[in-house]
Structures are given as C-alpha cells and as structure tokens.
Protein chains: 4
Amino acid sequence: MKIALMMENSQAGKNATVLNELNNVVLPQGDSVFNVGMSDENDHHLTYIHLGIMASILINSKAVDFIVAGCGTGQGAMMSLNLHPGIVCGYCLDPSDAFLFNQINNGNALALAFAKGFGWGAELNVRYIFEKAFLTGERGNGYPLERAEPQQRNAVILNDVKAAVLKSDYLETLKSMDQTLVKTAVSGKRFQECLFDNSQNDEINAYVKSLLVEK
Amino acid sequence: MKIALMMENSQAGKNATVLNELNNVVLPQGDSVFNVGMSDENDHHLTYIHLGIMASILINSKAVDFIVAGCGTGQGAMMSLNLHPGIVCGYCLDPSDAFLFNQINNGNALALAFAKGFGWGAELNVRYIFEKAFLTGERGNGYPLERAEPQQRNAVILNDVKAAVLKSDYLETLKSMDQTLVKTAVSGKRFQECLFDNSQNDEINAYVKSLLVEK
Amino acid sequence: MKIALMMENSQAGKNATVLNELNNVVLPQGDSVFNVGMSDENDHHLTYIHLGIMASILINSKAVDFIVAGCGTGQGAMMSLNLHPGIVCGYCLDPSDAFLFNQINNGNALALAFAKGFGWGAELNVRYIFEKAFLTGERGNGYPLERAEPQQRNAVILNDVKAAVLKSDYLETLKSMDQTLVKTAVSGKRFQECLFDNSQNDEINAYVKSLLVEK
Amino acid sequence: MKIALMMENSQAGKNATVLNELNNVVLPQGDSVFNVGMSDENDHHLTYIHLGIMASILINSKAVDFIVAGCGTGQGAMMSLNLHPGIVCGYCLDPSDAFLFNQINNGNALALAFAKGFGWGAELNVRYIFEKAFLTGERGNGYPLERAEPQQRNAVILNDVKAAVLKSDYLETLKSMDQTLVKTAVSGKRFQECLFDNSQNDEINAYVKSLLVEK
C-alpha cells in the first residue's frame with residue numbers, strides 16, 4: 001500500500017517523530033510512505049486547508065492508497081479532507097478508532113490530533129494507531145462481523161450521497177476553488193515527486209504541472 | 001439558540017438519556033431543543049446517512065442553529081453531516097473538544113460517539129460536553145485568543161473551498177441524491193414540526209412538502 | 001508468566017469477554033492465565049476489597065507473577081490492591097498506559113475500568129492493552145531509555161517506603177484485617193486451585209487452609 | 001476547603017499553569033490553595049516519593065483537606081500517595097473521573113497526569129477536572145444515588161483494611177522510612193508554612209521541626 005503522511009504548520013515540528021513511527025510500522029510489510037507535507041517548521045507553510053487539497057489530488061490520481069493527516073486538534077484536517085471527492089477521512093485518537101474505522105467505514109484517510117492530547121509518550125499511541133490501521137489485514141469487513149452487511153451498505157450510500165452533492169468532475173472541483181490555495185498545496189517537492197512518480201491520471205498531472213509553470 | 005438532537009438506529013435506546021442531559025444543560029438559558037431523530041428503538045428507522053440529510057435541511061433552512069448528532073463511533077455521523085452544504089461538524093469525545101471546536105472551527109454541528117467509549121457514567125461526560133459546547137459564551141474567538149486571526153481565516157477558507165466543490169444550489173444537492181433517502185430523512189413527525197415551525201426558507205419547505213405528498 | 005485475572009460483582013458479566021481477550025493474547029507465548037474472581041453474575045459475590053486481598057495472597061505466595069484486576073471505574077481495585085505488601089498496581093485505560101507502567105513503574109498488577117468508558121468495542125481496547133502489557137518484552141527498562149536510572153531508583157524507593165509503613169510480616173497484615181473479608185476472598189474454587197497448585201509459601205497456604213476449615 | 005497542590009521535578013515547569021487553573025476554579029467559592037511542591041524547574045528537587053510523604057503529613061495533621069498531586073503519567077504519584085495512612089488518592093484523567101471518585105470513593109487526593117496525554121489545550125481539561133472535583137457540592141453520595149449504600153460501605157472497609165495492614169501509629173510510619181526522604185519532603189518553605197499555619201497536630205509539627213533543625 002502507498003501511504004502519504006501530511007502535516008501542517010502548527011505541528012510541523014513533530015513530523016520527524018510521526019514519520020519515524022509510520023515507517024517503523026509499515027515499511028517492514030512492504031508499504032511505501034510518502035512524507036508530502038511539512039517536514040519541519042521551516043518548510044513551506046501549509047494549513048489544514050492545503051492538506052485537504054493535497055489529499056484529494058493524491059487519492060483521485062491514485063498516486064497513493066491512504067492518507068495520514070492531522071493538525072492540532074485533528075478537526076480541521078478531518079473536515080478539510082472530507083470536503084473533497086473520493087476522500088473518506090476518519091478521526092482517530094486511539095488504536096481501536098483506527099481498526100473500527102477501517103472495518104466499519106472503510107475509508108482512505110485518517111486525521112490525527114498532533115497537539116491536543118499529544119503529550120509525553122504520544123509517539124507510543126501514534127505507533128499503536130498505525131499498527132491497528134495498517135497491520136490488521138483486510139479492511140471493510142465490518143465489526144462485529146455480523147454487522148458487516150448494513151455497515152458496508154451505509155459506506156456505499158455515503159459515497160453515493162457525496163458524489164451527488166459534489167460537482168461531477170474531479171478536476172472541476174479542483175479548478176473551482178481559489179487557485180492560490182491549490183498552487184500552495186502542490187508546491188512541495190516531495191508532494192510533486194509522490195504525485196508524478198505514482199499518479200495514474202494524466203489529466204490531473206497535466207493540471208498540476210500547468211499550475212507549477214504559472215507559478 | 002435552537003438546537004436539534006438527532007440519533008440513529010444503532011443507539012436510539014440512549015436517546016432519552018442524551019436528550020435529558022441536553023435539556024438540563026441548555027433549557028435554563030433559554031435555548032430550544034428539538035429531538036428530531038429516533039426517540040427509541042421502535043421509532044422509524046434512520047441511519048447516519050439520514051442524519052446528514054436532516055441536518056442539511058434544518059441548517060440550510062435556518063430552522064435550527066446547531067445540530068447534535070452521533071452514531072456508534074460518531075465517525076459515520078461526522079462524515080455524513082460534513083458532506084452537505086453549510087454544515088461544519090466537529091467530532092467530540094470530551095468537554096474540551098466541544099469548547100475548542102467552537103472557538104477554533106466555529107462550526108454548527110457536533111458528532112458524538114454514543115457506543116464506543118460510552119460506558120457506565122457516560123451521561124456525565126455527555127452533560128459536561130454540552131456544558132462546554134453551549135454554556136461558554138461567544139464562539140469563534142479562537143483559542144488561545146492570540147491565535148484567533150489565522151483560525152478564523154482558515155474557518156472562512158474551509159467554507160469557501162466547500163462551496164467551490166459542491167453544486168452551487170442547495171436544493172440541487174438535495175434533489176441530486178437518491179430521493180428515497182431524502183424521503184426517509186424527512187419522514188419523522190418531530191422533524192417536520194421542527195422544520196415547518198422554524199424554517200426561514202419557503203423553497204426548502206415546499207420541496208420537503210412535495211416529498212411528503214408523494215409518499 | 002503466570003497471570004491472574006480477577007473481577008468483582010459489578011462487572012462480573014464481562015468476565016468471559018475479558019478472559020477471552022487475555023487468553024488470546026498471552027496463551028500463544030506460553031503464559032498461564034488463572035481466572036480467580038467472579039466468572040459471571042451468579043458466582044460468589046466479591047467486591048474490590050476482596051480483589052486486593054486475593055491479589056496480595058497470590059503475589060506474596062508467588063503463586064502468580066502478575067494480576068489483572070478491575071472494577072467499574074477501576075479506582076477501587078487500584079486502591080485496594082495497592083494497600084497490600086508487595087503489590088504495585090497501575091491504573092490502565094489505554095495500551096500505552098500498560099507499556100509505560102511496565103517500563104517506568106515495573107509493577108505487578110494493573111487495574112482496569114470495566115464499566116466507565118467501557119462501551120461498544122471495548123474488547124478491542126482490552127486486547128490492545130494486554131498486547132502492550134504482556135507482549136512487549138522485558139519490563140522495567142525505563143521510558144525513554146535514558147530516563148531508566150531515576151525511574152528504576154524511584155521504583156525501588158517506593159517499595160522501601162511501602163515496606164516501612166506496613167506491618168513487617170505479610171501474614172500479620174493478613175491476620176490483622178477483618179477475617180470475614182479474608183474468608184470470602186479465598187472462598188472461590190478457582191482461586192484456591194491457583195493458590196494451592198502454584199504457591200511457593202507453605203505458611204500462606206496453611207493460613208488460607210485454616211480459614212477454609214473454619215468456614 | 002483547604003487544598004494543597006504538589007508537583008514534582010519532571011513537570012515542575014507546568015506548575016504555574018496548573019496552579020492558575022486551580023486558583024481560578026476554587027478561590028471564588030472561598031477555598032484556600034497551598035502550592036507546596038515545586039513551583040518551577042529550579043525549585044528544590046522533589047520526586048513522586050516525596051509527594052506521598054508531604055501529602056501524608058498535611059492530611060494526617062489536618063493542615064489541609066484535599067491534595068492535588070501528579071507526575072508525568074500520574075501513576076507514581078497515585079501509588080506513592082496511597083501508601084500512607086489516611087490518604088485515599090484517585091487517578092484522574094477527565095472531569096467525570098473527578099466527580100465519580102468523589103461520589104463513589106470519597107477520597108481526599110487526586111493524582112493527575114501532567115505529561116502523558118497533556119498536550120496543547122490541556123489546561124482546559126485541568127480546569128474542567130477541578131470544576132467537577134471541587135464545584136459539585138457534597139461528596140460521598142454515591143453514583144448513581146441508589147448505589148450509595150454499597151459504595152459507602154466499601155469506602156469504609158477500604159479504610160479499615162488499610163488501617164489493619166499499616167503500622168498503627170502515624171508518626172511511627174513516618175519515622176520508619178528513610179529519614180533523608182522525609183527531610184527533603186519537608187524542606188520547602190511553602191510546605192512548612194502550610195503545615196505550621198494550619199496543622200491541628202502538635203506532635204507532627206514537633207517531629208517535622210526536629211527534622212528541620214537537624215538539617
């Protein structure tokens with residue numbers, strides 16, 4: 001699985017810690033990790049708004065399969081990612097959140113709180129969250145198993161409703177928003193590498209490249 | 001303030017408890033509470049998908065000012081409500097979540113977990129959440145106060161991005177989705193009373209009424 | 001490692017679930033589990049007071065190496081176990097509590113909350129707690145490692161202070177308290193089997209047997 | 001009510017914040033607050049072991065009515081305080097812990113975690129904990145009310161068992177432990193003021209003074 005980690009300005013100083021935990025948990029099973037947000041406090045400035053746009057580009061282009069995002073409380077990241085087509089982002093504070101969200105909601109993103117509740121030893125909780133998010137096998141099986149049917153049905157309906165209320169073309173949604181936001185969202189070198197090396201959507205690539213040239 | 005409480009099938013048995021706590025906290029300061037979801041396990045069957053639609057109708061018609069929703073983990077309700085135009089729904093597990101979401105994200109809905117973590121004595125936590133959600137004065141002031149400016153700016157940008165990716169007309173979003181979902185969402189007597197008594201939008205009322213007739 | 005699980009009346013109905021999680025986590029690595037408290041609501045009635053006495057007998061006789069106890073909030077069990085000589089009981093709500101308590105405080109007992117916060121899906125949290133309590137290798141190494149020295153020193157001093165304030169002979173402490181409590185504490189068949197099959201202290205066995213005869 | 005706050009070396013830097021929240025919550029209702037532990041990182045060095053001794057002196061001399069203590073995880077403080085005669089110390093991570101411990105266990109001390117889980121905004125959680133610990137009226141009434149009888153009975157039995165296992169004279173327990181620990185525990189000026197201004201036990205005062213002279 002290809003996993004992108006993206007962190008914004010308020011908690012950028014914790015990126016090395018979180019990335020280290022993610023790598024330690026998932027690299028041994030052959031997953032790839034792309035650290036596409038801020039890597040420290042001096043990196044190019046991103047907010048949770050940008051994280052949502054970045055996530056939408058990486059998921060809709062199929063450049064990655066899963067997003068780990070977050071902000072201070074995680075609420076901004078959670079809402080920002082969920083705005084966009086194709087993103088189903090849970091909010092995750094403890095390891096069982098990660099497992100249950102995978103089994104019940106079967107999403108493709110998690111928003112974590114990297115400041116609230118993130119005290120001493122919080123790297124342990126992050127590690128355990130990643131273990132239950134990424135090392136527990138198949139997703140979307142429901143929990144408990146006998147509740148799988150309605151849980152899976154509701155997950156599908158959620159996607160249908162989302163598709164219904166959104167503009168119908170992904171690139172149209174991207175072009176409809178303030179383009180200075182999108183330009184900043186795609187301005188990172190690591191983001192661009194992740195996208196252009198892995199994207200399966202030429203149109204999205206072309207549009208992102210057009211923004212980079214402009215800039 | 002007008003506050004709607006909406007609960008779905010999996011936790012309908014807890015509605016009386018949650019409603020009681022909400023009433024006890026907010027009625028003394030003159031807020032109104034509308035219990036528009038399931039009131040017990042025998043009530044008409046709603047899922048978190050319906051809660052999102054119901055919330056969107058009540059908020060976009062200005063029938064209510066704030067929504068308290070939830071489901072088993074709260075994740076489904078959180079995502080479902082956030083799909084819709086005009087809803088900014090936080091995820092709330094403890095009293096400081098409620099306060100911080102109000103101050104930083106300044107939303108109009110909270111999704112609670114009514115099963116996960118909801119053990120013995122959970123009515124106390126629910127009460128304390130409502131106290132910090134509804135009895136702490138002005139919202140949107142930022143926390144801490146000196147961070148108000150970027151927090152308020154990001155809250156506005158979030159709304160702008162949401163407006164950009166969604167279909168431009170609220171009723172169009174409502175009409176675009178599977179109408180059997182919408183019909184079920186509006187089928188409750190208490191929901192209808194809340195809407196028709198308080199709505200400030202005749203178009204929404206008319207559309208909902210047209211669905212009721214059809215049915 | 002020999003691990004005793006002990007639950008009291010208020011949460012006896014959850015014993016099967018908790019025992020199942022404990023067995024699934026530790027049996028594969030060769031640990032033994034003794035379910036010495038109430039096994040269901042109809043079992044002989046124990047309170048958190050009895051759990052403390054039971055734990056003290058099993059630990060001081062070296063019948064077991066570690067105790068998993070609990071009550072509704074876990075506070076009664078935590079305090080009750082900590083009264084007794086030789087018991088160092090942590091309070092554990094999440095997986096990192098279990099790991100940190102092992103590394104920093106290096107105790108021999110954990111008190112869990114089996115009602116407060118114990119909602120739907122709580123068996124997952126219990127499982128993850130057991131994983132971090134019992135499957136993470138050597139204990140007492142400090143966390144982080146560079147803090148090991150003062151943490152280990154304080155753990156030793158805590159034991160010294162406890163020994164200083166308590167009556168000097170273990171059996172004397174047992175005989176000093178209301179003997180009807182002790183008799184009830186030792187009245188369970190599974191408790192007696194665990195003790196008499198594994199105890200390394202004949203004096204304690206003899207005393208417990210004398211109480212059983214009396215009764 | 002007279003409330004002592006005591007913090008140790010690892011989290012001394014947070015003393016001003018915690019003290020401020022405690023003062024803001026309880027001073028308006030006429031309680032007194034004594035900040036008897038470390039006030040910052042340069043203050044005389046105390047560990048959680050010392051906090052237990054300090055708490056025992058202040059409670060057994062009736063200099064104060066209630067202790068708020070803590071350490072990094074809170075586990076060391078919780079265990080250290082609970083060692084001593086007359087201290088009934090709960091472990092408190094959220095506001096409902098505080099309320100439930102007061103009603104069910106009716107203790108006289110709370111241990112908080114000032115590092116683990118203590119992230120951004122944690123001062124809010126501390127404030128809410130103090131509100132529910134100190135502003136909710138009478139204690140020891142049980143929760144729910146119909147469970148008062150067994151809860152109150154168990155609280156009494158816990159004290160009886162503790163008294164039975166401990167040396168029978170308070171000063172004897174104090175004199176039995178390593179006296180360098182006690183000397184350090186009583187070395188603070190604010191601690192001494194709190195004790196000598198409020199103690200109702202001349203023997204304890206005399207003993208503490210004898211240690212100060214020696215030193």
Side-chain angles (χ1 to χ4, degrees), chain A residues 8-10 47-50 52-53 56 71-76 78-80 82-85 87-94 96-97 100-101 104-105 107 111 113 116-117 143 147 150-151 153-155 157-158 160-168 170 172-178 181-182, chain B residues 8-10 47-50 52-53 56 71-76 78-80 82-85 87-94 96-97 100-101 104-105 107 111 113 116-117 143 147 150-151 153-155 157-158 160-168 170 172-178 181-182:
Chain A
E8 43 74 83
N9 69 92
S10 77
T47 70
Y48 63 78
I49 305 287
H50 301 114
I53 300 170
S56 88
C71 56
T73 63
Q75 306 268 4
M78 169 274 279
M79 292 192 298
S80 170
N82 275 319
L83 292 183
H84 297 279
I87 310 277
V88 179
C89 179
Y91 186 78
C92 183
L93 295 182
D94 73 27
S96 53
D97 288 333
L100 290 169
F101 183 72
I104 297 173
N105 306 96
K116 177 167 184 288
Y143 189 86
R147 293 281 300 156
Q151 291 172 349
R153 187 176 56 231
N154 285 332
I157 297 174
L158 185 84
D160 289 347
V161 172
K162 187 166 191 173
V165 299
L166 288 168
K167 284 174 178 159
S168 53
Y170 170 66
E172 196 191 342
T173 68
L174 202 56
K175 289 176 184 172
S176 299
M177 67 188 78
D178 179 348
L181 292 172
V182 186
Chain B
E8 43 75 80
N9 70 91
S10 77
T47 70
Y48 63 78
I49 305 287
H50 301 114
I53 300 170
S56 88
C71 56
T73 64
Q75 305 270 3
M78 171 273 280
M79 292 193 298
S80 171
N82 274 320
L83 292 183
H84 297 278
I87 309 278
V88 179
C89 178
Y91 186 79
C92 184
L93 296 182
D94 75 27
S96 54
D97 288 333
L100 290 170
F101 182 73
I104 297 173
N105 305 97
K116 177 170 184 285
Y143 188 87
R147 293 280 301 158
Q151 291 171 349
R153 188 175 56 229
N154 285 332
I157 297 174
L158 186 84
D160 290 346
V161 171
K162 186 166 192 174
V165 299
L166 288 168
K167 284 174 177 158
S168 52
Y170 170 67
E172 195 192 341
T173 67
L174 203 57
K175 291 176 183 172
S176 300
M177 66 188 79
D178 179 347
L181 293 172
V182 185

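Here is the naming used below: chain letters follow the sequence lines, and residue numbers restart at 1 for every chain. Every heavy atom of this structure was used, including side-chain atoms; hydrogens, water molecules and symmetry mates were not.
- In this structure, the portions of B/Ser96 lying under 4.5 Å from any heavy atom of chain A include both its backbone and its side chain.
- For B/Ser80, the parts sitting under 4.5 Å from any heavy atom of chain A are the backbone and the side chain alike.
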Report the C-alpha distance between A/Ile104 and B/Gln75 in whole Å, list the side-chain angles of each, state the deciding distance to 0.1 Å, and finish with yes or no for side chain to side chain contact (heavy atoms under 4.5 Å, CB included). CA-CA 9 Å; A/Ile104 297 173; B/Gln75 305 270 3; over 6 Å; no
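- Side chains of A/Asp160 and B/Met177 form no contact here, defined as non-hydrogen atoms less than 4.5 Å apart.
- In this structure, chain A has heavy atoms under 4.5 Å from both the backbone and the side chain of B/Tyr91.
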Run the side chain to side chain contact (heavy atoms under 4.5 Å, CB included) check on A/Val182 and A/Lys175 step by step: do they pass? CA-CA 9 Å; A/Val182 186; A/Lys175 289 176 184 172; over 6 Å; no
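- To the nearest 0.5 Å, atom OG1 of residue A/Thr173 and atom NZ of residue B/Lys167 are 12.5 Å apart.
- For B/Ile53, no part sits under 4.5 Å from any heavy atom of chain A, backbone or side chain.
- The part of A/Leu93 that comes within reach of chain B is its side chain, from C-beta onward, which places non-hydrogen atoms under 4.5 angstrom from that chain.
- In this structure, B/Lys116 pairs ionically with A/Asp94, as a charged nitrogen and a carboxylate oxygen lie closer than 4.0 Å.
- Using a 4.5 Å cut-off between heavy atoms, B/Ile157 touches chain A through backbone and side chain atoms alike.
- Proximity to chain B (any heavy atom under 4.5 Å) is shown, for A/Met79, by both the backbone and the side chain.
- Applying the ring pair (Phe, Tyr, Trp, His ring centres under 6.0 Å) rule to A/Tyr48 yields no partners; only residues at least two apart in sequence or on another chain are considered.
- Among residues two or more places apart in sequence or in another chain, the salt bridge (charged side-chain N to carboxylate O under 4.0 Å, His left out) test is passed with A/Arg147 by none.
- Contacts between B/Asn154 and chain A at a heavy-atom distance below 4.5 Å involve backbone atoms as well as side-chain atoms.
- Only the side chain of A/Thr73 comes within contact range of chain B, judged by heavy atoms closer than 4.5 Å.
- With a 4.5 angstrom heavy-atom cutoff, B/Leu100 touches chain A only via side-chain atoms.
- Closest approach of B/Val88 and B/Leu158 over heavy atoms only: CG1-CD2, 4.5 Å.
- Annotation: side chain of A/Ser56 is in contact with side chain of A/Leu174 (closest heavy-atom distance under 4.5 Å).
- With a threshold of 4.5 angstrom between heavy atoms, B/Leu181 approaches chain A through side-chain atoms but not through N, CA, C or O.
- The choice from A/Leu83, A/Asp97, A/Val161 that makes the most heavy-atom pairs within less than 4.5 Å of chain B is A/Leu83.
- Ranked by heavy-atom pairs under 4.5 Å with chain B, the first of A/Asn82, A/Ile49, A/Val165 is A/Val165.
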